[in-house]
Every structure is written in C-alpha cells, then in structure tokens.
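For reference, the structure discussed in these notes is given below.
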Amino acid sequence: MSERGALRARLDLLAREVAKFGVVGAVGLVVNIGVSNLLWRYTDIPTVRAGLMATFVAILCNYVGFRYWTYRDRDKSGRTRELTLFLLFSAVGAVIETGVLYAATYGFGWNTPVQSNVFKILGIGIATMFRFWSYRTWVFRALPDKDVVVNDVVVNDVVVSVEDVAQAVSVPAPAPAPAPAATVRVEADSARR
C-alpha cells in the first residue's frame, strides 16, 4: 500500500472512531444534562454538586458505550487496569467540566438555569477533548497490528534481536558425553592371607 493510501486508511479509521466516540458522548450528554436539570429542578442540591453527580451518572453510561461499541476491538486483557484508568481520566474530565461550571456559578454569579446549562455544556466540550485523547491513548489501547514485524525482544532486561534468538534456538545442543565405562576395582586384602 502506498504511503498516501496508508494515510487515507488511518484517517478513515480515525474518523470512524471520532464518530463513534461522538455518538456515545452525545448519549452521555443527554444523560448528563437530563440528570443535572432533574436535580436542579426537583432537589435542593447546590448547582455544582448536582452537576458533578450528573457527570458521574453519565460516566458510567459512557463506559458501557465505549467498551462495548466504540472500542470493542481494542485490548480487553486488563479490565481492572482499564476500568481504573477510565475512572481516573473521567475524574480529571469531571474536574475540568465542573471547574467551568464552578467558575461561572461562583466566580461570575451566573447561575440561572440557562446559564448553568450553557456553562455545563461548555465544560463538557472542553473535558471531551481531554477524554478522547486519554481514553484512546491510555485506557482502550489498540492491539498491535498483525502485520508488524518485531525486530527486538527483551530477555532478562536485555534487548536481543530476533535473529540472535532464532540462531540460538536453531543451534543443536551438543550431544551428551557417553557415560564412562564401569570399571571394576579389585584389591587384594593382605590381611586375609
């Protein structure tokens, strides 16, 4: 495949990934805004705290969408590691998102329902860029290409070329030395004579 064709293929895959990420994110946005507005309208929970609670509900919803649809073809070997990193990066995204809402609400006094929704959505947009980068880079890691040729391996913290390993493996082991012939030793007992 030509360099231009390979670039085109990679851009197509990235566009597909961004689209799937966007669909899952849009569902998460609806959940986030919906839960936020329900909490703001029907409870006495402060604006920022209710927004943070809604964010965590959306994070759980998004994990299911990302794991089983957007990144279903990615490495699934370390689910504990994956979930830990997902929650860590989601928490950082929640801090970014809630920080924007906090600054608008308490820093500028903009806390009408419309203003809260505008700054909630702005915070989500900024946090989404961080989340996209962190999820695809650290959480849902791509499996290595099947066509990639490995040139080096690490053996006991030493980098060894594949050719050296192959050569070491293909060299026949020396034949074992024959066992020494059994020798019988006869001693004369001078005391018996």
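We use all heavy atoms of the structure for the numbers below, so side chains are in, but hydrogens, waters and symmetry mates are not. For reference, positions follow the sequence shown, starting with 1.
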Heavy-atom neighbours of [X] [atom1] exceed 12 at 6.0 Å:
| X | atom1 | result |
| --- | --- | --- |
| D73 | CG | yes |
| W138 | CH2 | no |
| R49 | CZ | no |

Side chains of K120 and T55, donor plus acceptor under 3.5 Å:
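K120 vs T55: donor-acceptor pair found between side chains.
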Check whether V24 and V18 end up in the same hydrophobic cluster, where Ile, Leu, Val, Met, Phe, Trp and Tyr are linked by side-chain heavy atoms less than 4.5 Å apart.
yes
Do W40 and V35 belong to the same hydrophobic cluster, where Ile, Leu, Val, Met, Phe, Trp and Tyr are linked whenever their side-chain heavy atoms lie under 4.5 Å apart, directly or via other members?
no
Would you call [X] and [Y] a side-chain contact if the rule is heavy atoms closer than 4.5 Å?
| X | Y | answer |
| --- | --- | --- |
| E97 | N32 | yes |
| I124 | I33 | yes |
| F66 | R72 | no |
| V27 | C61 | yes |
| R10 | L14 | no |
| Y135 | F132 | no |
| F21 | R136 | no |

Drop me the distance from [X]'s [atom1] to [Y]'s [atom2], to the nearest 0.5 angstrom.
| X | Y | atom1 | atom2 | result |
| --- | --- | --- | --- | --- |
| I96 | T128 | CD1 | OG1 | 9.5 Å |
| L101 | L122 | CG | CG | 10.0 Å |
| S36 | N117 | OG | CG | 7.5 Å |

Between T98 (side chain only) and V95 (backbone N and O only), is there a donor and an acceptor less than 3.5 Å apart?
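Absent.
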Checking E17 side chain against L13 main chain: does a donor-acceptor pair fall under 3.5 Å?
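No, E17 side chain to L13 backbone: no donor-acceptor pair under 3.5 Å.
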Partners meeting side chain to side chain contact (heavy atoms under 4.5 Å, CB included) with R79 (sequence neighbours left out)
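R79 satisfies side chain to side chain contact (heavy atoms under 4.5 Å, CB included) with Y63, R67, Y68, K76, E82 only.
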Are E3 and R8 close enough, and set up right, to give a salt bridge (Lys or Arg N to Asp or Glu O under 4.0 Å), and what steps lead you there?
CA-CA 9 Å; E3 216 174 286; R8 175 80 174 154; over 6 Å; no
Given V23 and W69, is the side-chain contact (heavy atoms from CB on, under 4.5 Å) satisfied, shown in steps?
CA-CA 10 Å; V23 169; W69 188 55; 3.8 Å; yes
Would you list the pairs meeting side-chain hydrogen bond (donor to acceptor under 3.5 Å, both in side chains) in which at least one residue belongs to residues 101-110, sequence neighbours left out?
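Applying side-chain hydrogen bond (donor to acceptor under 3.5 Å, both in side chains) to every pair that reaches into residues 101-110, excluding sequence neighbours, yields nothing.
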